[in-house]
Amino acid sequence: MIAYHFFILLFVWSYWKTIFTLPMNPSKEFHLSYADKELIEREPRGESQQDVLRRLAKDLPVYTRTMSGAIRYCDRCQLVKPDRCHHCSVCDKCILKMDHHCPWVNNCVGFSNYKFFLLFLAYSLLYCLFIVATDLQYFIKFWTNGLPDTQAKFHIMFLFFAAAMFSVSLSSLFGYHCWLVCKNRSTLEAFRSPVFRHGTDKNGFSLGFSKNLRQVFGDEKKYWLLPLFTSLGDGCSFPTCLVNQDPEQASTPTGVNVATKSIENHPFPAKPLRESQSHLLTDTQSWTDSSCSDEKGMSNPAMTIEKEA
């Protein structure tokens with residue numbers, strides 16, 4: 001009974017947080033002013049409009065592009081989309097680090113509640129497995145006529161089958177999202193790789209297993225299993241790797257994928273983040289120090305840095 005109530009308490013707590021945590025939207029820096037909105041509306045769609053958007057986005061930490069290489073802009077919300085942000089047609093708003101809109105929780109799963117969603121899957125799976133394990137002996141007795149001939153034995157059979165089927169579906173879904181966390185991808189990015197200045201790179205946000213895990217669950221391991229918000233960053237900007245190699249991805253002629261990043265105006269690291277500080281997104285001072293020191297001493301020909309004018 002103690003184990004049962006432990007699992008169901010964490011399951012309900014995580015489910016509640018996933019449902020009632022409001023998705024985070026881009027900050028005001030990404031929204032267009034009234035004058036900029038009028039300017040965008042006057043300009044015809046094409047290169048002239050992109051010139052306006054490039055001017056607006058030059059001071060923003062925006063590194064992803066559309067498939068055609070244009071600045072990602074949302075017509076409905078009238079804002080420059082931050083990296084990993086997408087417009088949800090159900091919520092009718094842009095969601096930071098949007099993973100998907102989940103009908104089971106009637107909410108968008110994104111930066112603000114992705115950890116809660118993972119814990120909800122984990123605890124619901126453990127809850128169903130616990131039911132299967134404790135009901136198994138009575139399920140066997142049902143087929144061996146070891147139970148009293150009452151209607152309760154049909155309840156036992158239904159409970160076992162329902163818990164077993166949910167365990168199978170939840171295990172596949174939870175395993176898939178664990179793989180996404182290890183690769184630092186969202187469901188949308190798994191289907192369509194993010195596009196950077198140098199081109200498509202499905203591992204553009206991957207920092208290595210440990211840092212990918214901490215980006216979702218935080219630095220404090222004692223809070224990892226509790227549905228409390230501990231994710232790193234603000235959801236509007238994310239560090240990227242300048243050098244990515246993945247055995248699943250075909251190598252380029254030089255054997256590496258080179259990502260480009262602006263380092264003149266933004267305190268982001270100018271080296272592969274596998275070598276950077278443990279605080280991925282919050283310690284801006286350490287990013288600045290790392291950028292300056294690396295910019296002076298970098299001599300690896302496998303890495304190039306593109307500076308914005």
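Position 1 is the first residue of the sequence, and the numbers go up from there.
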Would L9 end up clustered with L225 when hydrophobic side chains under 4.5 Å apart are linked, directly or stepwise? no

Note: N25 and L96 closest approach over all heavy atoms is O-CD1, 3.6 Å

Does the pair F166 and Y127 meet the rule for a ring pair (Phe, Tyr, Trp, His ring centres under 6.0 Å), with working shown? CA-CA 10 Å; F166 273 107; Y127 178 70; over 10 Å; no

| request: May I ask you to check whether F130 and F11 place their ring centers less than 6.0 Å from one another? | output: no

> More than 12 heavy atoms of other residues, nucleotides or ligands under 6.0 Å from OH of Y138: is that the case?
Replying inline: no

CG of N203 to NZ of K183, rounded to nearest 0.5 Å, is 6.0 Å

Residue set satisfying ring pair (Phe, Tyr, Trp, His ring centres under 6.0 Å) with F209, at least two apart, ordered chain then number -> none

Taking every heavy atom of L39 against every heavy atom of R55, the minimum-distance pair comes out as CD2-NH2, 3.5 Å

Test side chain to side chain contact (heavy atoms under 4.5 Å, CB included), reference K221, set W224, Y223, F217, output is W224

Applied to residues 77-89, the salt bridge (charged side-chain N to carboxylate O under 4.0 Å, His left out) test, sequence neighbours excluded, yields R84-E189

Do NZ/NE/NH1/NH2 and the carboxylate oxygens of D135 and K141 come within less than 4.0 Å? no

All heavy atoms of F120 vs all of Y15, minimum pair found to be CE1-CD1, 3.3 Å

Applied to residues 17-43, the ring pair (Phe, Tyr, Trp, His ring centres under 6.0 Å) test, sequence neighbours excluded, yields W16-F20

When rounded to the nearest 0.5 Å, the distance separating OG of S112 from CD1 of I95 is 8.0 Å

One should read off an interatomic distance between K58 NZ and L53 CG, to the nearest 0.5 angstrom, of 13.5 Å

- prompt: More than 12 non-hydrogen atoms from neighbouring residues, nucleotides or ligands closer than 6.0 Å to CZ on F139, yes or no?
  reply: yes

- prompt: Taking the inter-plane angle between the rings of Y114 and H177 on a 0 to 90° scale, is it parallel (under 30°), tilted (30 to 60°) or perpendicular (over 60°)?
  reply: tilted

Practice task
Test ring pair (Phe, Tyr, Trp, His ring centres under 6.0 Å) on Y63 and F205 and set out the steps.
Solution key: CA-CA 11 Å; Y63 303 109; F205 295 106; 9.2 Å; no

Q. Do other residues, nucleotides or ligands put more than 12 heavy atoms under 6.0 Å from Y176 OH?
A. yes

